[in-house]
Amino acid sequence: MEKKAIIIKAIEYMKDHLDEEITTEELSKYVGYSPYHFVRIFKEVTGVSPRHYLSALRIEAGKKILADSSSSILKASLSVGYRSMGTFSSLFKQYVGLPPKQYQNSIQDLYGFLNAYDFQETDRAFQPPLPSVVCHLEPPEKFNGIIFVGLFPRPIPDERPVAGTALKPGETTCAFYHVPDGTYYALAAAIAWSLNPKDYFLLNRALRGKAERPVAVKQGSQSVVRIKLREPLPYDPPILINLPRLLFEKVKGANKKKNDSDFFDKVKENNT
DNA sequence: ATCACCATTTAATTCATCCG
DNA sequence: CGGATGAATTAAATGGTGAT
C-alpha cells in the first residue's frame with residue numbers, strides 16, 4: 001500500500017507539471033528511489049512505464065484541448081509539454097487510433113453516429129458461429145449507461161484493440177468471433193448515459209474493468225472471461241482510445257455489402 | 001524481501017522531409 | 001502553410017546480479 005502512495009505522488013507530480021519537461025530520473029529523485037527501482041515499482045502498480053504513463057497523460061490533455069477548442073495541432077503539442085509537433089502527432093495516432101486533426105474533425109460526426117446507433121439490431125440478430133472469446137460484464141448495481149469492451153494487446157487500452165464492441169444499457173454479455181491468434185487483455189470502460197458529447201471522448205470518469213487474467217486465443221479455441229467494472233483509481237492510466245470510432249468501424253464492417261461509402265471520407269469532405 | 005548498479009535492448013524525441 | 005511521417009539521436013526500460 002505504501003508503494004501505491006509513492007506512485008500516486010509521482011503521478012501527481014506529472015499532472016502538476018505536464019507542460020514542463022519531466023525526466024524519469026527527476027521523478028525517481030522526487031520520490032526518493034533510484035531510477036531503476038522506481039521504474040520497476042511504477043510498472044508494477046500502473047501496468048506501464050513512467051514515460052509511457054506520462055505520454056498518456058499528455059495525449060489525454062491534448063485530446064481535451066482538441067475536443068473543446070479549434071486549437072491548431074502545433075499549439076496543442078506545445079501546451080501539453082512537447083517541443084515539436086511530430087512527437088505529439090505520432091504518439092497521438094498510436095494511442096488514440098487516428099491522427100490529431102482527423103480526431104478533432106470527426107468528433108461531431110462520431111457523436112451523431114453514436115446517438116443514432118441502434119443497439120437492438122446490431123448485436124442480437126444472428127446465431128453465433130464458433131465464438132472465440134465470450135465476455136461477461138459485471139457493472140455496479142444501478143449502473144445505466146453504455147459499456148465498451150475490447151481485446152487489447154497490452155494491459156491498458158493505449159492502442160487499437162484486435163476486437164471491440166459496445167453494449168447497450170442492461171446487456172452484460174458479448175462475444176468476439178474472428179479473433180486472430182494471440183494473447184490479449186479483455187478491458188472495458190463504462191460511460192454513464194449522458195447528453196454531453198465530450199463525455200464519450202474524454203474518459204477520465206469512466207468506470208474501468210479488466211479481466212483477471214489475459215486470454216490466450218488459438219485456432220478455434222473458446223474462452224470465457226469475467227470483467228468486473230469499478231470506479232477509476234488514482235493510478236489508473238488514462239483511457240485514450242477513440243471508443244465511438246471503434247464502434248463505428250465495427251458497424252461499417254458488418255454492413256459492408258451495401259454501405260461502401262467511407263464515413264471518414266465524408267468527414268474529410270465536410271471540412272475542406 | 002527491498003533496493004542499486006551495469007550492460008543491453010527498446011522506446012521516445014527531435015529534426016528534416018514529405019504531403020495535400 | 002499546417003499537418004503527418006521517417007531516420008538518426010538520445011533517453012529510458014529491462015534482465016541479471018549482488019548488497020543490505
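Proteins get letters first, then strands, A, B, ... in listed order; numbering begins at 1 in each. The shown structure was predicted, so the numbers you read here are calculated from the model rather than taken from an experiment. The figures here come from the full heavy-atom set of this structure, side chains too, leaving out hydrogens, waters and symmetry mates.
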Can you tell me how far [atom2] of [N] sits from [atom1] of [X], to the nearest Å?
X: A/R154; N: B/dT10; atom1: CZ; atom2: C1'; answer: 11 Å
X: A/M14; N: B/dA12; atom1: CE; atom2: P; answer: 13 Å
X: A/L57; N: B/dA12; atom1: CG; atom2: P; answer: 14 Å
X: A/F38; N: B/dC5; atom1: CZ; atom2: P; answer: 16 Å
X: A/I73; N: B/dG20; atom1: CD1; atom2: C1'; answer: 15 Å
X: A/I59; N: B/dA11; atom1: CD1; atom2: P; answer: 17 Å
X: A/F88; N: B/dC15; atom1: CZ; atom2: C1'; answer: 18 Å
X: A/K43; N: B/dA11; atom1: NZ; atom2: P; answer: 9 Å

Closest listed nucleotide, where the reference is the side chain of [X] and the choices are [options]:
X: A/Y36; options: B/dT14, C/dT14, C/dA12; answer: C/dT14
X: A/S84; options: B/dC5, B/dC15, C/dT5; answer: B/dC15
X: A/K101; options: C/dA13, C/dG3, B/dT13; answer: C/dG3
X: A/K93; options: C/dT5, B/dC15, B/dA4; answer: C/dT5
X: A/R51; options: B/dC3, B/dT14, C/dA12; answer: C/dA12

With heavy atoms under 4.0 Å as the rule, sort [X] into base, sugar-phosphate or nothing.
X: A/I41; value: nothing
X: A/S90; value: nothing
X: A/R40; value: base
X: A/P100; value: sugar-phosphate

Would you confirm whether A/Y184, through its side chain, and A/D181, through its main-chain N or O, come within 3.5 Å as a donor-acceptor pair? yes
Taking everything shown except A/E20 itself, do over 12 heavy atoms lie less than 6.0 Å from its CD? yes
Does A/R213 CZ have over 12 foreign heavy atoms under 6.0 Å away?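 Not more than 12 within 6.0 Å, no.
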Which residue lies more 5' along DNA chain B, comparing A/S34 with A/T87 via nearest heavy atoms: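 Counting from the 5' end, the first nearest nucleotide belongs to A/S34.
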Close side-chain approach of A/K63 and A/R58, heavy atoms under 4.5 Å: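 No, too far: nothing below the 4.5 Å cut-off.
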Can you find a side chain N or O atom of A/T24 that sits less than 4.0 Å from OP1 or OP2 on C/dA13? yes
Counting only side-chain nitrogens and oxygens, does A/H52 get under 4.0 Å of the OP1 or OP2 atom of B/dA12?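 Answer is yes, contact under 4.0 Å.
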A/K228 bridged to A/E212 by N-O distance under 4.0 Å: no
